[in-house]
Structure formats: C-alpha cells, structure tokens
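Because the structure is a prediction, the values reported are computed rather than measured.
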Amino acid sequence: MSLLITDVRVGDRPGRALHVVDGRIAWTGTVGEAPPADRVIAGEGALLTPAFVDAHVHATATGLALTGLDLHSSLSLADAMAALRDHVAAAPGGIVLGTGWDETGWPEGRGPTRADVDAVAAGRPVYLARVDVHSATVSTALLDLVPGIAALPGFSADGRLRLDAHHAARQAAYGAVGAVQRAAAQHATRRAAAALGIGSLHEMAGPEVSSSDDLRELLALAAEVPGPRVVGYWGELSERGGLDLVRELGLAGAGGDLFCDGALGSHTAALSTPYSDRPETSGALRFDSGALVEHVRACTAAGIQAGFHVIGDAAVEQVLDAVGVVVGELGVAAVRACRHRLEHLEMPSAAVIGRMREWRMVASMQPAFDAAWGGDSGMYAERLGTGRALATNPLADLADAEVTLALGSDAPVTPLDPWGAVHAAIDHRNPASGLRPFDAFDAATHGGWAAIRAEHPVGPLAVGAPADLALWATDAGLSDVLEQRGRPACAGLVVDGRPLDAV
C-alpha cells in the first residue's frame with residue numbers, strides 16, 4: 001500500500017508532503033509535486049514528526065494501572081486508603097493491584113502498613129506498589145499466598161516488603177492475573193500510547209516483573225492487532241537460561257529490567273556511600289560480579305544486546321567493570337557491536353560516561369524521574385543530600401559525550417507522557433544537566449531506534465527511513481512547540497506505513 005500525507009508542516013516548513021511505500025518514506029517534497037497514492041491523509045497544515053519511542057515500559061502493569069487502582073494522585077495515607085476502600089467495593093472478588101503511592105509528601109510521614117490495608121481490604125489479597133515499584137505494602141491474604149516469604153531478605157511483619165520478599169510477593173500478585181485481564185491491560189496500554197503519538201514501546205520484561213507468558217501474549221497481540229510496535233527484552237541472567245527466551249522469541253536483547261539494584265525511593269539502589277537520610281544502609285547489589293561478567297560475555301559472544309537496571313553509582317560501576325572484563329577478553333569491537341544498554345543510569349560519573357562512549361553503550365533514561373524527585377529539595381536530595389542529588393541524571397553530559405541517549409517513562413512508575421519527557425529533559429532541575437530542545441526531541445524519537453541498533457542513517461524523515469510518523473493538531477512548527485513547551489494533541493499516527501484508525 002502507498003500512502004500520501006500532504007499539506008503538513010515538517011519541522012518548521014509548511015506545505016510539505018511525504019509519500020510512503022511498503023512501510024518506508026519513498027519521497028518528500030512540496031504539496032504540488034506529490035505523487036499519487038492508494039490513500040491520502042490531508043494534514044491541513046498540521047505538524048508532522050517522527051513518532052515517539054518510549055524506550056522503557058512495562059505494558060501489562062501500565063495497563064493494569066490505567067484500568068485499576070492508581071494511587072499516584074493520593075495526597076495522604078488516608079487518601080490512599082480511601083481509594084483502596086472504594087476500589088474494593090467497586091470491584092468485588094479477586095486480587096487487588098495498586099501502584100503509585102509516594103509517602104515522601106504525605107502529612108502522616110509514612111507509607112501504608114499491612115494493618116492499614118487489612119482494615120479496608122475485606123480479607124482480599126492486596127498488592128500496593130510504591131511509586132518506584134521496588135517496594136510494596138501487601139495484605140495478610142497476599143502474604144498467605146507466598147509460603148516462606150517471612151524468611152526472605154526484605155520481609156517485614158508490617159507488610160512493607162523490599163528486596164527478595166517484594167519480588168516474591170510481586171510474582172504472586174501478578175501471577176494471579178488471568179490471560180483475559182492481561183490482554184485487556186495490554187490493549188489499554190497500546191491505546192494510550194497511540195493516543196499520545198508513541199509509535200514504539202520497548203517492553204522491559206523479566207521473571208521479577210512479569211512472566212514469559214505475559215511477554216509472549218504481548219508480542220502476539222502486537223503482531224495481530226495494529227498499533228504501536230512492541231520491542232521485547234527479557235531481563236534474566238545467562239546462567240539462569242536468560243538467553244533461551246531471547247532466541248526463542250527473537251527479542252531485541254537480554255536485559256532491560258535485569259535488576260542489578262533497586263531504587264532510591266525505597267533505599268534499595270546500591271550506593272558507594274550511605275544514604276543521607278538512612279546512614280545505616282547503602283542499598284544492595286543484587287548479583288555477584290562474576291555472574292554479570294558471564295552474562296556480558298555470553299551476550300557479546302552471541303551478538304546479543306545486554307541490558308541492566310542500574311540506578312545507584314555502585315551498581316553502575318559494577319556493570320561497567322563487568323563490561324570492561326569482556327572488552328579485555330573479546331575485544332572492543334565485539335562489545336561495541338552489541339551496543340549494551342544501561343537502564344535509568346541516574347548516577348554515572350564522568351569516568352562511567354567516558355567508558356560508555358568508548359564502548360558505544362546506550363543510556364536509556366527517564367527525565368520524569370528528575371522532574372518528580374530531583375532538584376535541591378526533592379526526594380533525591382532527602383535520600384542523597386543536595387550535592388549528589390543535583391548530580392543525578394546528567395543528560396547534557398551524556399549528550400555532549402555522544403553517548404546514545406533514549407528516553408522513556410518506565411510506566412507505570414511515571415505515566416506515558418512523551419512531550420512531558422521531552423520538556424523535563426530540557427528543563428532539568430539542575431540547569432547544567434538539561435538537553436538542548438532538539439536534542440531532547442531526538443532522544444525521545446530517533447534515540448529509541450538507535451537504542452535497538454536500528455537507527456536511520458539517512459535521518460528520521462528522509463527517503464528510506466521507516467514510516468513511523470505522528471501528526472499533531474497544531475499549526476506551530478516543531479521549534480515553536482519545543483520553545484513554548486507545547487503539548488499538542490496527536491491527530492494521527494502511522495506505524496510501519498499504516499495509519500492507525502483505531503487500536
């Protein structure tokens with residue numbers, strides 16, 4: 001099928017047209033010179049850009065948050081428990097899944113406990129993930145579903161779980177979600193993404209956040225139902241068979257949420273020096289260094305992209321040291337060809353950035369984290385102290401070093417919101433770390449393609465580039481939208497050359 005998109009503004013140039021054939025841009029020029037096509041979309045002066053790529057998503061969990069109990073807007077513990085009570089009453093039977101609570105601004109000064117949850121849960125199993133999804137509060141009924149959980153690291157009798165106990169409870173909670181509910185959640189995520197002009201989602205699956213069945217079903221859905229494309233990753237060490245599923249499903253890589261540490265909000269990100277507000281802990285590394293070396297070695301030898309969840313500086317250093325060992329063994333060219341990814345990467349040093357540039361690694365980052373928790377008075381400052389907090393998420397340093405930078409949301413940790421991510425990258429809470437506007441937009445679009453080793457050498461809107469395009473309901477040019485921090489509505493989305501009329 002051929003497609004003509006006509007009378008659009010490309011960048012800041014009005015009166016343009018694009019001709020698409022077999023999923024790729026075949027011609028660009030002025031409206032009067034446009035060739036015929038099987039289908040014509042009249043842009044009526046709207047802005048046309050590459051579609052956004054969200055480079056870090058958990059599709060099922062995002063859909064469950066969209067359709068279930070979302071606590072992101074709760075302003076207090078009492079508010080969150082009232083929302084839970086209402087949800088339990090409105091949806092009787094089965095497990096209750098909630099996400100998004102953040103106690104750092106609550107007047108009670110604490111998050112929910114098992115007693116709080118049990119008081120309103122009507123005896124049902126309840127899993128309430130903290131906003132960073134690295135700790136949760138659960139009900140007694142859910143604890144009863146996980147034999148031996150009390151012996152796991154991170155268990156607390158008050159129902160506030162971290163580390164291995166949290167992972168076990170999360171697996172039990174999401175394991176109770178049936179195929180029909182999972183499919184509905186995945187549909188909801190893809191619909192929401194399409195409405196926001198997101199053409200691709202990088203699904204960060206793994207045994208601690210979803211399941212192999214969940215990933216298979218999501219990929220099958222994306223193959224059968226038109227909508228945003230899904231690029232799959234599986235985060236499991238090679239010594240545990242993690243590469244088998246990558247090969248079976250033809251995934252983009254063996255990584256994503258391969259949890260090398262936790263999160264700053266839950267005090268589980270691995271730091272080289274202790275937390276400022278809890279000096280008795282520095283968080284925790286999840287794996288021994290030998291297992292990481294073996295994983296990087298196995299991936300590199302097979303030409304498979306590896307990826308790692310790393311937030312604290314100690315976790316970042318551990319992974320970079322593992323990559324360095326493999327560089328010494330297999331050579332820098334082999335490592336560069338794999339373009340291994342670091343997810344989140346909130347605390348990289350200048351030396352880390354230099355090694356990432358040398359080894360052509362990918363920084364997959366979430367500017368909304370800085371917008372929500374950064375600066376000199378946010379949660380990061382509370383956890384790390386002002387100096388370390390202001391040094392987090394150094395987007396400008398990575399861009400200036402020419403490290404491949406891809407932006408995402410980590411939804412449901414922060415919402416699907418690509419324009420918000422672009423603006424947060426520009427307006428970093430430390431002005432020295434903000435991106436130039438077009439660099440931010442590029443990282444949110446073309447950067448996602450570079451992150452999967454599929455960038456367009458000719459440019460994202462040039463002849464030969466894949467036709468993943470978004471049409472925006474504005475008569476402003478892209479430079480004006482970026483300058484004014486605009487959030488135009490998506491008026492149309494094209495994925496692989498096919499207009500999405502509905503998802």
Rounded at 0.5 Å granularity, tell me how far OG in Ser409 sits from NE2 in His58.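 Between Ser409 OG and His58 NE2, I get 8.5 Å after rounding to 0.5 Å.
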Margin query: Tell me the closest heavy-atom pair linking Leu258 and Leu237, and the distance in Å.
Written below: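 Minimum heavy-atom separation between Leu258 and Leu237: CD1-N, 3.8 Å.
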- Task: Heavy atoms only: give me the nearest Arg487-Gly420 pair and the separation to one decimal.
- Result: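 That closest heavy-atom pairing would be NH1-CA, 3.4 Å.
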Any salt bridge linking [X] with [Y]? Criterion: basic side-chain nitrogen under 4.0 Å from a carboxylate oxygen.
X	Y	result
Arg160	Asp116	no
Asp277	Arg383	yes
Arg130	Asp102	yes
Arg170	Glu208	no

Practice task
May I have all residue pairs that pass salt bridge (Lys or Arg N to Asp or Glu O under 4.0 Å) and include part of residues 307-318, sequence neighbours excluded?
Solution key: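 Found Glu317-Arg355.
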(message) Whether Arg162 engages the ring of Phe155 as a cation-pi pair (distance to the six-membered ring centre under 6.0 angstrom, angle to the ring normal within 45°) should be assessed.
(response)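 Judged by the rule (NZ or CZ under 6.0 Å from the ring centre, within 45° of its axis), Arg162 is not positioned above Phe155.
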- Task: Check whether the ring centres of His134 and His166 lie less than 6.0 Å apart, and answer yes or no.
- Result: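 Here the rings of His166 and His134 have centres that are no less than 6.0 Å from each other.
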Tabulate below the donor-acceptor pairs under 3.5 Å that side-chain atoms of residues 375-382 make, not counting sequence neighbours, or state none.
| unit_1 | atom_1 | unit_2 | atom_2 | d |
| --- | --- | --- | --- | --- |
| Tyr380 | OH | Glu346 | OE1 | 2.5 |
| Tyr380 | OH | Glu346 | OE2 | 3.2 |

Can you give me every donor-acceptor pair (side chain of residues 242-253, partner residue at least two apart or in another chain, under 3.5 Å) with its distance?
| unit_1 | atom_1 | unit_2 | atom_2 | d |
| --- | --- | --- | --- | --- |
| Glu248 | OE1 | Arg216 | NH2 | 3.1 |
| Glu248 | OE2 | Arg216 | NE | 3.2 |
| Glu248 | OE2 | Arg216 | NH2 | 2.9 |

